[in-house]
Amino acid sequence: MERPDLSPTELLPAIVQDAASGRVLMLAWMDDEALRRTRESGEAWFWSRSRQEYWHKGATSGNTLTVVEVRDDCDGDAILLRVDPAGPA
């Protein structure tokens, strides 16, 4: 995904889509650090606005999201994560 770097406080909406069915599973928020963690681990990481911390989806429930593809929209202000979910999102 090619786009300008985000400032540490800039959050982008991240639409999470089941790669097999095309179903939209959830909306979450990501910044550069969440994207870095996602790319490095192969599983989805987000910024939790309510807890004010990074959140590894499925860390406690086991319902992880294995990332198949990361895309951005045409003007770089939203992210699409195509995933293989291990349970409900």
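Both backbone and side-chain heavy atoms feed into the values below; hydrogens, waters and symmetry mates do not. None of these values were measured; they are calculated from a predicted model.
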Name of the residue among L11, L35, V70 meeting side-chain contact (heavy atoms from CB on, under 4.5 Å) with M30: L35

How would you list, by chain and number, every residue that makes a side chain to side chain contact (heavy atoms under 4.5 Å, CB included) with [X], sequence neighbours excluded?
X   : result
A86 : T64
S61 : K57, N63
E69 : R71, R82

Working for side-chain contact (heavy atoms from CB on, under 4.5 Å), residues V24 and V16: CA-CA 6 Å; V24 173; V16 180; over 6 Å; no

Which atom names give the shortest non-hydrogen contact between P13 and L27, and what distance separates them? CB-CD1, 3.8 Å

Determine the minimum heavy-atom distance between V83 and V68, stating which atoms define it.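 Minimum heavy-atom separation between V83 and V68: C-CG2, 4.0 Å.
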
Between E40 and R37 (side chain of the first, backbone of the second, donor and acceptor by atom type, cut-off under 3.5 Å), is there such a pair?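 Such a contact is absent between E40 side chain and R37 backbone.
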
Under-4.0 Å salt bridge between E33 and R36: yes

Any side-chain heavy-atom pair from L25 and P85 closer than 4.5 angstrom?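 Of all side-chain heavy-atom pairs linking P85 with L25, at least one is under 4.5 Å.
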
Contact list for residues 55-89, test ring pair (Phe, Tyr, Trp, His ring centres under 6.0 Å), sequence neighbours left out: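 Sorted result for residues 55-89: W45-H56, F46-W55.
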
Spacing of [X] atom [atom1] and [Y] atom [atom2] [to the nearest 0.5 Å]:
X   : Y   : atom1 : atom2 : result
L65 : Q17 : CG    : CD    : 12.5 Å
L81 : T66 : CG    : OG1   : 11.5 Å
W29 : E10 : CH2   : CD    : 11.0 Å
I15 : L80 : CD1   : CG    : 7.5 Å

Pairs where residues 12-21 contributes a residue and the test salt bridge (charged side-chain N to carboxylate O under 4.0 Å, His left out) is met, not counting sequence neighbours: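 Sorted result for residues 12-21: empty, none.
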
Residues at least two apart in sequence or cross-chain that pass salt bridge (charged side-chain N to carboxylate O under 4.0 Å, His left out) with R23, listed by chain then number, are none

